[in-house]
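Note on naming: letters A, B, ... go to the chains in the order of the sequence lines (proteins, then strands), and numbering restarts at 1 for each one.
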Amino acid sequence: MSQQRPAPTDCPLRVTVPAGTAAGQALRDAGAPTSGPDALVVARDDGGVLRDLTWAPGTDTDVDGVPASSEDGRSVIRHSCAHVLAQAVQQLFPEATLGIGPPVTDGFYYDFDVARPFTQDDLASLEKAMRRILKAGQRFSRRVVESVDAARDELRGEPYKLELVDLKGDPTDEWDTSEVMEVGAGELTVYDNVHAHTGETVWSDLCRGPHVPTTKHIPAFRLLRTAAAYWRGSERNPQLQRIYGTAWESQEALDAHLEWLAEAERRDHRRLGAELDLFSFPEEIGSGLAVFHPRGGVVRRVMEDYSRRRHEEAGYEFVNSPHITKAALFETSGHLEWYADGMYPPMHLDAELAEDGTVRKPGQDYYLKPMNCPFHNLIYRSRGRSYRELPLRLFEFGSVYRYEKSGVVHGLTRARGFTQDDAHIYCAPEQLAGELKSLLTFVLDLLRDYGLDDFYLELSTRNEAKYVGSDELWAEATETLRRVATDSGLELVPDPGGAAFYGPKISVQARDALGRTWQMSTIQLDYGMPERFDLEYTASDGSKQRPVKIHRALFGSIERFFGVLLEHYAGAFPAWLAPVQAVGIPIADEHVDHLQQVAKALRSRGVRVEVDASDERMQKKIRTHTTQKVPFLLLAGGQDVGAGAVSFRFRDGSQVNGVGVDQAVDAVVSWIARRENASPTADDLPLGTS
RNA sequence: GCCGCCUUAGCUCAGUCGGACAGAGCGGCUCACUCGUAAUGAGCAGGUCGGGGGUUCGAUUCCCCCAGGCGGCUCCA
């Protein structure tokens, strides 16, 4: 079921390039491919820097050829393709000025300042113009600009490029120009696109490079969509018009990528949610607020039940807290100070006016909760705590509401109301490392039980503009998390500035069946909240001590996790989670009773089973329940009834006929009980024909 | 929040360059068929063309506002 993007290849070819010889020449002499998906597009020098193939080292240098089909090769193709796009845009829209045009994961974009936004039709004409450019075989020719002033002069019609030139000289600016591969590090370079025959420069762009030798080395591309984007990523800046595209080393690779995109669209949880009758977002309720239908509700309940059980086994205690609270609680926690923008506005209650209209009683602001943790602090504080109680692990499926900006709401994965599987662990400082370690193991094990098994970790560190607490505590907390993360042996990716205001966090990123990554669990360290709420415990020596708090969500949000699993499984949930686990399909009416008996036996053992007694034809029923992704279809006709048997049909179309009813029931029940995440097929269900 | 696009039956979508009873497939319901592994046939019902305002003799169609959605940007406790 898993479908991945076209895999990059790597077929390194290393040669020694003699001083003064072009790297491309040396590689060609060594027999490097010059056409096809493995054709070299650039070279990597012995310092790891990517160079144009025309680059000629000053001394003898070892270089690697970089094939088009490698990750680096693809990036270069995409970057060059972005240039071709920009050239096409300025051909068709001469007034357009240029922003930046870097390669990104699976593609590239280029930003333009244009009089009117691009339309779909524009994309079609731009693709046409780009094909003409590719066909013309323009050469990408690197040129070092003598001075910053010369560059300014050359770029006088390009205000955004000028800004980049000026920024380059300003090391205090936080905008990293190298990241977007636009302006060179030590010097300013321009790439001229040179006509294949006349040698005339057709178009130029300020750019670090490197680039493919000629536009013929961009074998396949597609423009995908248009969007607006703020210049240099800040909403204080003007919005430019961005065009996204993708480019690949071959038509086949492009086609595979487009097919991957189409598969992602087919799996979109919003689409599957409607098709499988799982949930919806009624307009009447409001943006980002879902209702779960019976079938979605079952899946959710099973997900939650299993999680509950595992948490109980791991020493968690279950608590509950209300959805709204007076403002004071979020003043204490700091939410109103730091995150009021993300909260629904308050309800003002209980105010009373006197006869003359003056306020007699001021009233209170009540807020919908965006987080559960302040409530759990109150539970902790409800009585004195002993060190013997620690770690105290409080767990809640807590519904929270966050006023997400209208443009970011997205199905179940970014909602305004959702349920966190939220736990807060209060422990003594010396328990912290051990608790974090077992916590990470617990989290990963549980995610694996739901069928996700490809992880990496992200360490989010302090956002200097938004934090509370002392430097020492942050440093200590961050170091502790880093150690636990490193010890896990998983890949660790830094996320500077990504922490919440009260502490650093580790997040578990999971890759799904399409290779996409999702942030799942978060483990957050918090010294600040215990202080704000003045939480204490009595230590063994009778002294009062401050506990450390760990915030931890495993699914993150139930809704989001539901959406991720739905896409991961393309709607074909594992049998233990499937809303309907088995459907009985009679060949004719006279076989219904037999299947009702089978269904009764299954139901008595906890299986969610239905019998389709409608007067559709059997073939139609098979189709219906296959498209509904039911894992076990149990057919019965005259032969089965006569033999006291049923015939299995699975999602993949495989079948096992004439299985005795007892054996069939046992097989289904045990498959579900084992929580097998694969779809059952004739091959892996142990069924003998009776 | 910002930019662009979109909203026609439960779902997916035609259609109306401002003019006649707004169409199809799927789904639903009814009837017939009783069938061995992905769509049996026939009939019926179902739409204030997202909501409000404006322009016009006339608006589903043009304009404005609002809501909801989509793609991005920004944001993301």
query = Looking at A:Tyr403, does the NZ or CZ of A:Arg416 lie under 6.0 angstrom from its six-membered ring centre and within 45 degrees of the ring axis?
reply =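 A:Arg416 over A:Tyr403 ring: yes.
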Atom pair distance, as rounded to whole Å: [atom1] in [X] and [atom2] in [N]:
{"X": "A:Asp652", "N": "B:A38", "atom1": "CG", "atom2": "C1'", "result": "13 Å"}
{"X": "A:Asp121", "N": "B:G4", "atom1": "CG", "atom2": "P", "result": "17 Å"}
{"X": "A:His625", "N": "B:A39", "atom1": "NE2", "atom2": "C1'", "result": "13 Å"}
{"X": "A:Glu284", "N": "B:G51", "atom1": "CD", "atom2": "C1'", "result": "11 Å"}

task = Ignoring hydrogens and angles, answer whether the base of B:A38 and the side-chain atoms of A:Arg651 contain a donor-acceptor pair closer than 3.5 Å.
result =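 Answer is no: no donor-acceptor pair is held.
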message = Between the base of B:U37 and the side chain of A:Gln655, is there a donor and acceptor pair under 3.5 angstrom?
response = yes
inquiry  = Against A:Tyr160, only a single residue in A:Asp113, A:Ile100, A:Asp111 fulfils side chain to side chain contact (heavy atoms under 4.5 Å, CB included); can you say which?
reply    =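 Single side chain to side chain contact (heavy atoms under 4.5 Å, CB included) partner of A:Tyr160 among A:Asp113, A:Ile100, A:Asp111: A:Asp113.
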message = Using the rule side chain to side chain contact (heavy atoms under 4.5 Å, CB included), only one of A:Leu525, A:Ile523, A:Leu440 pairs with A:Arg552; which is it?
response = A:Ile523
query = When you check the side-chain N and O atoms of A:Ser614 and A:Asp612, is any donor under 3.5 Å from an acceptor?
reply = yes
Residues A:Asp652 and A:Ser654: side-chain donor-acceptor under 3.5 angstrom = yes
Between [M] and [N] - [atom1] atom distance, rounded Å:
{"N": "B:G47", "M": "B:U55", "atom1": "C1'", "result": "26 Å"}
{"N": "B:G19", "M": "B:G4", "atom1": "C1'", "result": "32 Å"}
{"N": "B:C62", "M": "B:A20", "atom1": "P", "result": "15 Å"}
{"N": "B:G71", "M": "B:C13", "atom1": "P", "result": "14 Å"}
{"N": "B:U7", "M": "B:U48", "atom1": "C1'", "result": "16 Å"}
{"N": "B:G50", "M": "B:G10", "atom1": "C1'", "result": "16 Å"}

Could you check whether [X] gets within reach of a base, just the sugar-phosphate, or nothing at all, counting any heavy atom under 4.0 Å?
{"X": "A:Ser647", "answer": "base"}
{"X": "A:Gly638", "answer": "base"}
{"X": "A:Thr119", "answer": "nothing"}

key: Charged N-O contact under 4.0 Å between A:Glu567 and A:Arg516   = yes
message = Tell me if the aromatic rings of A:Phe501 and A:Tyr339 count as close, with their centers under 6.0 Å from one another.
response = yes
Aromatic ring proximity, centroids under 6.0 angstrom, A:Phe93 and A:Phe118 =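 Distance test on ring centres: under 6.0 Å, yes.
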query = How are the rings of A:Tyr401 and A:His323 set relative to one another: parallel (under 30°), tilted (30 to 60°) or perpendicular (over 60°)?
reply =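 Judged by the thresholds at 30° and 60°, the geometry between A:Tyr401 and A:His323 is tilted.
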ask   = In terms of ring plane angle, is the pair A:His269 and A:Phe279 parallel, tilted or perpendicular, where the classes change at 30° and 60°?
value =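 Correct class here is tilted.
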inquiry  = Given a 3.5 Å cut-off on both pairing distances, which stems involving RNA chain B, each at least three consecutive Watson-Crick or G-U pairs, are present, if any?
reply    =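 Expected stems, ordered by start: B:1-7 with B:67-73, B:10-13 with B:23-26, B:28-32 with B:40-44, B:50-54 with B:62-66.
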task = Scan nucleotides 68-77 of chain B nucleotide by nucleotide, 5' to 3', and note B when protein non-hydrogen atoms come under 4.0 Å of the base, S if they reach only the sugar-phosphate, - if neither.
result = SSSBBBBBBB
message = Between A:Phe118 and A:Thr627, which residue's closest nucleotide on RNA chain B lies nearer the 5′ terminus?
response = A:Phe118
